[in-house]
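Encoded as structure tokens, the structure appears first; notes follow it.
This is a predicted model, so every value here is computed, not measured.
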Amino acid sequence: MGEDVAKHEFTREDRTRYRTKVRRCLDVFARMLREARFDFERPMTGLEIEINLIDEHGDPAMKNHEALQVIDDPDFVTELGQWNIEINVAPRRLAGGGITSFEETVRRSLNKAEEKAREIGAHMVINGILPTLRSKHVTPDQLSSNPRYALLNEQVLAARGEDLQISIDGVERLHLTASSIVPEAACTSTQLHLQVSPEQFPAYWNAAQAIAGVQVAIGANSPFFLGKELWRETRIALFQQATDTRGDELKAQGVRPRVWFGERWINSIFDLFEENVRYFPALLPICEEEDPLAVLDHGDTPALSELKLHNGTIYRWNRPVYDVVRDRPHLRVENRVLPAGPTIVDTLANGALYFGLVRALAEDERPLWSQMSFQAAEENFNAASRNGMDAQMYWPGVGTVPVVELVLRRLLPLAHEGLIRWGVDSAERDRLLGVIEQRCLTGVNGATWQAREFHRHYDHTHLDRADALRTMLRSYVELMHANEPVHTWPLT
């Protein structure tokens with residue numbers, strides 16, 4: 001949700017000054033791209049996972065501040081809702097056991113954090129939307145205490161000028177009026193980071209966009225919100241609507257949403273940052289003292305703080321990232337389409353599919369995006385969000401086919417090849433991509449398991465809807481801790 005910021009009241013002068021500073025940052029960024037100042041010789045990957053907190057009954061535990069205090073680990077940070085925290089995993093290379101290292105590190109950290117959180121009556125769950133959330137949990141008083149969230153909430157609602165309207169038609173229908181952005185906190189995701197060179201960035205971003213629908217369909221894990229069964233990855237629609245600064249009139253005029261798939265393939269990372277500046281007004285117009293041009297002329301690396309902050313308030317599903325580590329700038333693709341969970345092994349299997357596919361597609365002699373319209377990629381993404389593993393996908397040379405058939409016949413071999421190019425050994429490749437293969441063969445991912453388990457309790461016992469969801473979630477948590485892939489989970 002952007003950088004840490006303190007409480008502010010913004011004036012018209014603040015916004016004018018910020019627009020000027022952001023454009024200056026953009027000019028400096030363009031010059032840096034021309035002068036090849038970026039670190040990319042040893043590309044690193046990164047991982048972030050957002051986590052829900054529950055109590056012993058399976059209901060949300062509004063204790064993220066207390067949980068972070070007892071966990072006492074800088075890798076764990078606050079998130080938007082009081083029932084959310086996030087773990088940021090140190091970056092590493094994929095070669096030489098990097099994926100297994102991610103898995104071991106995350107499991108060790110989460111197990112330790114779970115032990116600590118139990119001291120305050122909280123437990124950790126990794127899924128896309130906590131199924132036991134109710135309307136009373138998504139009210140303004142459930143925002144995390146960090147001032148940046150209150151400020152962001154104020155600015156989104158001020159830009160919109162009215163309450164948020166959330167409407168999702170899926171298996172069931174949900175219509176909700178929200179007076180804050182807290183419903184967005186229900187969306188807990190996995191973010192995969194991939195460091196690339198300026199020259200490589202457009203191919204990797206285009207490849208990530210092209211496979212976003214496949215990722216969502218195979219990895220869906222968010223079938224419920226506020227007790228309703230909606231989309232297989234309800235998180236996509238909810239996130240889009242819960243931070244929408246546009247009223248109906250602006251939508252009718254074609255104003256772009258801040259949660260955005262995009263509208264075209266790109267030729268440079270500059271295209272994305274330039275679109276951000278051209279299309280989106282500032283939400284948090286906070287200026288720093290740094291003069292980026294003076295810093296660059298002096299031979300140092302500018303932070304480009306205003307450009308980064310602005311970028312952090314535009315929620316592309318594949319976001320461009322500029323960052324500076326040890327005085328060296330680098331670029332990353334941040335892949336944001338996946339939900340959290342169901343297990344760490346499922347999360348890393350999703351990561352293996354992503355990293356393998358983008359490498360293979362980005363290095364293909366005939367780019368996929370030269371054979372496929374951007375609109376088709378967006379339609380795939382929307383179909384996957386709604387239908388999960390039952391989605392139909394368009395793919396060049398194949399036509400419109402079931403997503404599981406596309407993955408089994410075309411994409412798994414490509415992912416294997418991409419992971420070979422990353423230096424991932426055969427045992428890791430076979431184990432993790434084998435999880436994806438078995439999901440496709442069984443038709444079971446997190447969303448389908450949750451829905452089936454819920455209906456076994458709700459349709460065939462005396463339990464009401466809320467208790468059926470709690471019972472399902474308790475089984476989910478037990479199986480999640482066992483870290484066996486979701487396609488192997490029994491129905492109780």
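- For NE2 of H175, the number of neighbouring non-hydrogen atoms (other residues, nucleotides, ligands) closer than 6.0 Å is greater than 12.
- The CD atom of E114 sits 10.0 Å away from the CD1 atom of I51 when rounded to the nearest 0.5 Å.
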Inset, instruction - Could you walk me through whether S385 and N382 pass side chain to side chain donor-acceptor pair (under 3.5 Å), step by step? - result: CA-CA 5 Å; S385 304; N382 292 331; 5.2 Å; no
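- Taking each heavy atom of L226 and R134 in turn, the nearest pair found is CD2-C, 3.5 Å.
- With sequence neighbours left out, the ring pair (Phe, Tyr, Trp, His ring centres under 6.0 Å) criterion links W231 to no other residue.
- Heavy-atom contacts from other residues, nucleotides or ligands closer than 6.0 Å to CZ of R12 number 12 or fewer.
- Here E104 does not pair with R108 in a salt bridge; the nearest charged N to carboxylate O distance is not below 4.0 Å.
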Inset, instruction - Would you sort out whether F374 and F261 count as a ring pair (Phe, Tyr, Trp, His ring centres under 6.0 Å), showing the intermediate values? - result: CA-CA 10 Å; F374 195 88; F261 189 80; 5.4 Å; yes
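- Under the 4.0 Å criterion applied to side-chain N and carboxylate O atoms, D297 and R31 are assigned as salt-bridge partners.
- Distance OH/Y394 to CG/L406: 11.5 Å, rounded to 0.5 Å.
- Applying the 6.0 Å contact sphere to CZ of R19 captures no more than 12 heavy atoms from other residues, nucleotides or ligands.
- Residue pairs meeting the salt bridge (Lys or Arg N to Asp or Glu O under 4.0 Å) criterion with at least one member in residues 281-292, sequence neighbours excluded: R24-D291.
- Under 4.0 Å is where a charged nitrogen must lie from a carboxylate oxygen, and between R107 and E103 no such pair does.
- Under a 3.5 Å cut-off, the side chain of D244 and the backbone N or O of P257 do not form any donor-acceptor pair.
- One side chain, T177 or Q165, offers a donor N or O that lies under 3.5 Å from an acceptor on the other.
- Salt bridge status for D72 with K116: absent, with no side-chain N to carboxylate O gap under 4.0 Å.
- Residues satisfying the side-chain contact (heavy atoms from CB on, under 4.5 Å) test with D364, not counting sequence neighbours, are R366.
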Inset, instruction - Might you work through the side chain to side chain donor-acceptor pair (under 3.5 Å) test for E184 and T243, ending with a clear yes or no? - result: CA-CA 7 Å; E184 189 276 323; T243 52; over 6 Å; no
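- The backbone N or O of P202 lies less than 3.5 Å from a partner atom in the side chain of N206, making a donor-acceptor pair.
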Legend entry - Chi angles and distances behind the side chain to side chain donor-acceptor pair (under 3.5 Å) call for N146, S144: CA-CA 6 Å; N146 191 313; S144 287; over 6 Å; no
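- Summarising the geometry, atom CG belonging to L152 is positioned 4.5 Å from atom CD1 belonging to I181; distances are rounded to the nearest 0.5 Å.
- For the side-chain contact (heavy atoms from CB on, under 4.5 Å) test, residues two or more places apart in sequence or in another chain that qualify with A217 are A384, M393, V403.
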Inset, instruction - For side chain to side chain donor-acceptor pair (under 3.5 Å), just list the numbers for R235 and N221, CA-CA rounded to whole Å, side-chain angles, deciding distance to a tenth of an Å, and then say yes or no. - result: CA-CA 9 Å; R235 182 181 125 267; N221 195 31; over 6 Å; no
Inset, instruction - Apply side-chain contact (heavy atoms from CB on, under 4.5 Å) to L68 and T78, showing your working. - result: CA-CA 8 Å; L68 290 174; T78 188; 3.9 Å; yes
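- Applying salt bridge (Lys or Arg N to Asp or Glu O under 4.0 Å) to R316 and the options E263, E275, E334 leaves one that passes, E275.
- Residues L130 and T188 form no side-chain contact, since every pair of their non-hydrogen atoms from C-beta on lies 4.5 Å or further apart.
- Remark: D75 engages D73, I87 in a side-chain contact (heavy atoms from CB on, under 4.5 Å) (not counting sequence neighbours).
- Dense packing is recorded around NZ of K251, with more than 12 heavy atoms of other residues, nucleotides or ligands lying under 6.0 Å away.
- In terms of heavy atoms, I166 sits closest to P183 at CD1-CB, 3.8 Å.
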Inset, instruction - Determine, stepwise, if the pair W395 / I211 fulfils side-chain contact (heavy atoms from CB on, under 4.5 Å). - result: CA-CA 10 Å; W395 199 259; I211 66 168; 4.1 Å; yes
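- Partner of N335 under the side chain to side chain donor-acceptor pair (under 3.5 Å) criterion, chosen from R319, Q215, Q209: Q215.
- Checked by atom type, the side-chain pair S189/Q191 shows a donor-acceptor distance below 3.5 Å.
- Residues satisfying the salt bridge (charged side-chain N to carboxylate O under 4.0 Å, His left out) test with R328, not counting sequence neighbours, are D39, E41.
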Inset, instruction - Evaluate the criterion side-chain contact (heavy atoms from CB on, under 4.5 Å) for residue pair S101 and T105; output intermediate values, then yes/no. - result: CA-CA 6 Å; S101 174; T105 298; 4.1 Å; yes
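- Not a single salt bridge (charged side-chain N to carboxylate O under 4.0 Å, His left out) links R386 to another residue, sequence neighbours left out.
- Contacts of R17 classified as salt bridge (charged side-chain N to carboxylate O under 4.0 Å, His left out), with partners at least two apart in sequence or in another chain: D14.
- Applying the ring pair (Phe, Tyr, Trp, His ring centres under 6.0 Å) test to every pair with at least one member in residues 316-338, sequence neighbours left out, gives these pairs: F29-Y322, F239-W317, W317-F381.
- When only modelled atom types and interatomic distance are considered, Q375 and E379 share a side-chain donor-acceptor pair under 3.5 Å.
- From E306, atom CD reaches atom CG of L26 across 12.5 Å, with rounding to the nearest 0.5 Å.
- For residues 81-101, the set of pairs meeting the salt bridge (Lys or Arg N to Asp or Glu O under 4.0 Å) definition, not counting sequence neighbours, is empty.
- Remark: side-chain polar atoms of T313 are paired, donor with acceptor, to backbone N or O of H310 under 3.5 angstrom.
- No more than 12 heavy atoms of other residues, nucleotides or ligands sit less than 6.0 Å from atom CG of D327.
- Side chain to side chain, H137 and Q82 fail the donor-acceptor criterion of an N or O pair below 3.5 Å.
- The CD atom of Q241 sits 10.0 Å away from the CZ atom of R246 when rounded to the nearest 0.5 Å.
- A distance of 6.5 Å separates CH2 in W369 from CG in L361, rounded to the nearest 0.5 Å.
- Every residue meeting the side-chain contact (heavy atoms from CB on, under 4.5 Å) condition with Q392, not counting sequence neighbours, appears here in chain and number order: T400, P402.
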Legend entry - side-chain contact (heavy atoms from CB on, under 4.5 Å) evaluation trace for F40 with V196: CA-CA 6 Å; F40 56 86; V196 294; over 6 Å; no
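- For R258, there are no salt bridge (charged side-chain N to carboxylate O under 4.0 Å, His left out) partners, not counting sequence neighbours.
- Looking only at atom types and distance, the side chain of Q200 has a donor-acceptor partner in the side chain of S197 under 3.5 Å away.
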